[in-house]
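Just so it is clear: chains get the letters A, B, ... in the order the sequence lines come, proteins before strands, and each one is counted from 1. Remember, it's a predicted structure, so these values are computed and weren't measured experimentally. Hydrogens, waters and symmetry mates are skipped; everything else that's a heavy atom, side chains included, is used.
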There are 2 protein chains.
Amino acid sequence: MGIREVADMANVSVTTASRALNGTGRIAAGTRTRVKKVADELGYQPNEVARQLKEGMSSTLGVLVPDITNPFFPELVHGIQEVAEENGHVLLLAPTNGEPTGIAKALRQMHSRQVAGVVIVDDCLDDSALAKELDGLKYVALDRKLHLSQSTWVSSDHLGGAQMAAEHLIGLGHRRIVHIAGPQGIGVARERLAGFRQALELADIPLDDELVFYADFTEDAGYQAALGLLERDICFTAVFAVADLAAIGAMRAFDEHHLDVPKDISVVGFDDIHLASYVRPGLTTVKQQIAELGRVAAGLLLDSDPGTEGRSRTLPVEVVTRGTTARVRQSEVST
Amino acid sequence: MGIREVADMANVSVTTASRALNGTGRIAAGTRTRVKKVADELGYQPNEVARQLKEGMSSTLGVLVPDITNPFFPELVHGIQEVAEENGHVLLLAPTNGEPTGIAKALRQMHSRQVAGVVIVDDCLDDSALAKELDGLKYVALDRKLHLSQSTWVSSDHLGGAQMAAEHLIGLGHRRIVHIAGPQGIGVARERLAGFRQALELADIPLDDELVFYADFTEDAGYQAALGLLERDICFTAVFAVADLAAIGAMRAFDEHHLDVPKDISVVGFDDIHLASYVRPGLTTVKQQIAELGRVAAGLLLDSDPGTEGRSRTLPVEVVTRGTTARVRQSEVST
DNA sequence: TTGAAAGCGCTACCAC
DNA sequence: GTGGTAGCGCTTTCAA
């Protein structure tokens, strides 16, 4: 079932059939409708692979995420998908496992499949290494500010968000605030820590390194961090976690130790994945517009406007207050 | 950067270069290593698109899910991805939105991109309509038992799982058990309802249609269903929900009405998505091997063994007991 | 307005 | 062992 059959059936050459189907070039209106009708009857579907080979470019967007299982990413993919679909594009999904070799492998795939563009979420390669792998691909980096000429990224305002989160807690009277931080090799984790610190400084609260725990973005990491926290007799009344998942893990640990959230301890997360509103009490968190991040990234990739190279966007965030934060009690907890 | 350059650089024909790179046909060992070395130095990546056109088939697996945002699907995709990756395949992801037109559109994409196979999760087309769309594609239907010759599906034991869930509740002394059911147009929802009923019959508990609420697999549906339940003065001590998300939604409603789970009401879900172990108390549920479902499906697709057509598999499930189920109290609740 | 033919990058058939 | 060449299905010059 190729364009050949359609052409034969309509008594025209493949050239004419192609033109009729794509609406390119001069063609008699009658011929066009006739060919289209035939194509329709035959249920003709153009072979996208052949077209790609000819055009040197496919109507496919590559999506590279470390782990589709982390609820943040499906929401992101959903956003990308929306605008991709509007433009007749489809998504090529490759896992990077957050490892350099994974990235390289996935990127090679994208290359050899001639995707129209790639949105990449990663932070394990440094700028120049990443740039090298990305060579020749149109791309948008997500949640990572690449310091390269011609590079495009879209990111939330992580620093501002973290600052707002901490300020929310401070406004509630908290002074001893723990930060469950992400790996400092990761840009967004660093930014969130910086925002956190900035808020404390602004409020004249002395920084206490004992109060920052380095973990990662997972539930288990948050759980372990909270456990560690509880073991040492650290005095604190609130926790700001680098990610919702980590916050939820911490809450699990508190629950097991019969500490009430928010009565004994206030908790704030970051991301506002759907999950944040499912848990009880609902998690107070910094809302990223996750799907929008994806939409913007895909839009940048598909937008063929010239002079759009090197554009980047940072999206605003806001804290959404749910049930895990409360005014600090006068009688401190956990000593 | 084509095979041409490699061939020139190594002073061989493209034929020889191709053979060296693919390890097909007779070739001198020396030549092979030389070509490979050159390819390596040049960073040659075969153009997968051209190869696809030639071979009439791509090393790509299509994945059609209704909504990547539902946590069940990323886990599934993860499983598919694992075996796809092992075989050098990549995933083409298309959303169906659970609508016939979405399915048709996505399937057409898969067709024209010549995917090696498709795993499809859907239940809004009847068997023959689906068969028509699937025509010419190698496919595995997931969580849906297609009654077609030559069709392949993989599914969990939904009926058995639901029965076990109900029996778990019955074993705890519950008699007035509500089932938040899924849309009866959906096979797995029907099977789960059937399993539920079967358990009651076996235990000589009269079926009470007042106790089954039709909702769907979402959190909100579960929430609304539970609200409806609470409004009418229905007497019940336990809820079995068609999906974890629905169970969690119901728990949210109970929480808002100051009903304690599991003290006042026991709750059982279905799926065992990660989320089930994140919520407090942990959700007792029927565990599907979600990633394994994906692995098996992908395996069936990539397995080129002859005579494997029409094979299908159903995977076992088990109930995992966490914190949302308890022995019924003598003093009933909510009347 | 239409058609013949080249060629996208690759593999595989056939000849040497 | 190696190389010329056809051809996958399509789009697009260039002629007619």
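If you take CZ of B/Arg113 and C1' of D/dG9, they are 15 Å apart, rounded to a whole angstrom. In this entry the distance linking CG of B/Leu21 with P of C/dA12 reads 13 Å, nearest Å. Atom CD of B/Glu55 is separated from atom C1' of D/dG7 by 13 Å (rounded to the nearest Å). Rounded to whole Å, the distance from CD on B/Glu48 to C1' on C/dC10 is 10 Å. Following rounding to the nearest Å, A/Ile3 (CD1) and D/dG9 (C1') show an atom-to-atom distance of 8 Å. For the pair A/Arg51 CZ and C/dG9 P, the computed distance is 18 Å after rounding to whole Å. The nearest whole Å value for the distance from the CD atom in B/Gln114 to the P atom in D/dC8 is 13 Å. With rounding to whole Å, B/Met57 atom CE is found 15 Å from D/dG9 atom C1'.
The neighbour count for B/Lys36 NZ, taken as heavy atoms of other residues, nucleotides or ligands under 6.0 Å away, does not exceed 12.
A sub-4.0 Å separation between OP1 or OP2 of C/dT11 and a side-chain N or O of B/Asn22 is present. Listed pair B/Thr16 / D/dG3 meets the phosphate criterion, a side-chain N or O lying under 4.0 Å from OP1 or OP2. The phosphate of C/dT2 has OP1 or OP2 within less than 4.0 Å of a side-chain N or O from A/Thr31. Dashed line: the shortest gap from a side-chain N or O of A/Tyr44 to OP1 or OP2 of D/dG9 is not under 4.0 Å.
Side-chain atoms of B/Ser312 come within 3.5 Å of backbone atoms of B/Trp153 as a donor-acceptor pair (strictly under, hydrogens ignored). In this structure a side-chain-to-backbone donor-acceptor pair under 3.5 Å is present from A/Arg34 to A/Ala10. For the pair B/Asp216 (side chain) and B/Pro183 (backbone), a donor-acceptor distance under 3.5 Å is absent.
Between B/Leu53 and B/Gly25, the one whose closest nucleotide on DNA chain D sits nearer the 5' end is B/Gly25. Each of A/Gln45 and B/Val12 lies near DNA chain D, and the nucleotide nearest B/Val12 is the one positioned closer to the 5' end.
Using a 4.0 Å heavy-atom cutoff across all strands shown, B/Gly2 reaches sugar-phosphate atoms only and no base atom. Heavy atoms of B/Gln52 sit nowhere under 4.0 angstrom from any nucleic acid atom.
Proximity of B/Val154 to B/Val140: side-chain heavy atoms (C-beta onward) are separated by under 4.5 Å at one or more points. Two residues are said to be in side-chain contact when any heavy atoms from C-beta on lie closer than 4.5 Å; B/Lys138 and B/Val118 fail this criterion.
Between the base of C/dG3 and the side chain of A/Arg19 there is a donor-acceptor pair shorter than 3.5 Å. You won't find any donor-acceptor pair under 3.5 Å spanning the side chain of B/Ser13 and the base of D/dG4, going by distance alone. Residue B/Ser18 places no side-chain atom within donor-acceptor reach of the base of C/dA12, judged by atom type and a 3.5 Å distance cut-off alone. No hydrogens or angles were tested; on distance alone, nothing pairs the side chain of A/Thr24 with the base of D/dT11 as donor and acceptor under 3.5 Å.
Taking the side chain of B/Ile27 as heavy atoms from C-beta on, and the options D/dT2, D/dG4, C/dC10, the nearest nucleotide is D/dT2. Of the candidates C/dG9, C/dA5, D/dG4, C/dG9 carries the atom nearest the B/Lys54 side chain, counting heavy atoms from C-beta on. Taking every side-chain heavy atom of A/Arg26 into account, C/dT1 is the closest of C/dT1, D/dC10, C/dA12. The listed nucleotides are D/dT2, D/dC10, C/dC10; the one nearest the side chain of B/Ala50 is C/dC10.
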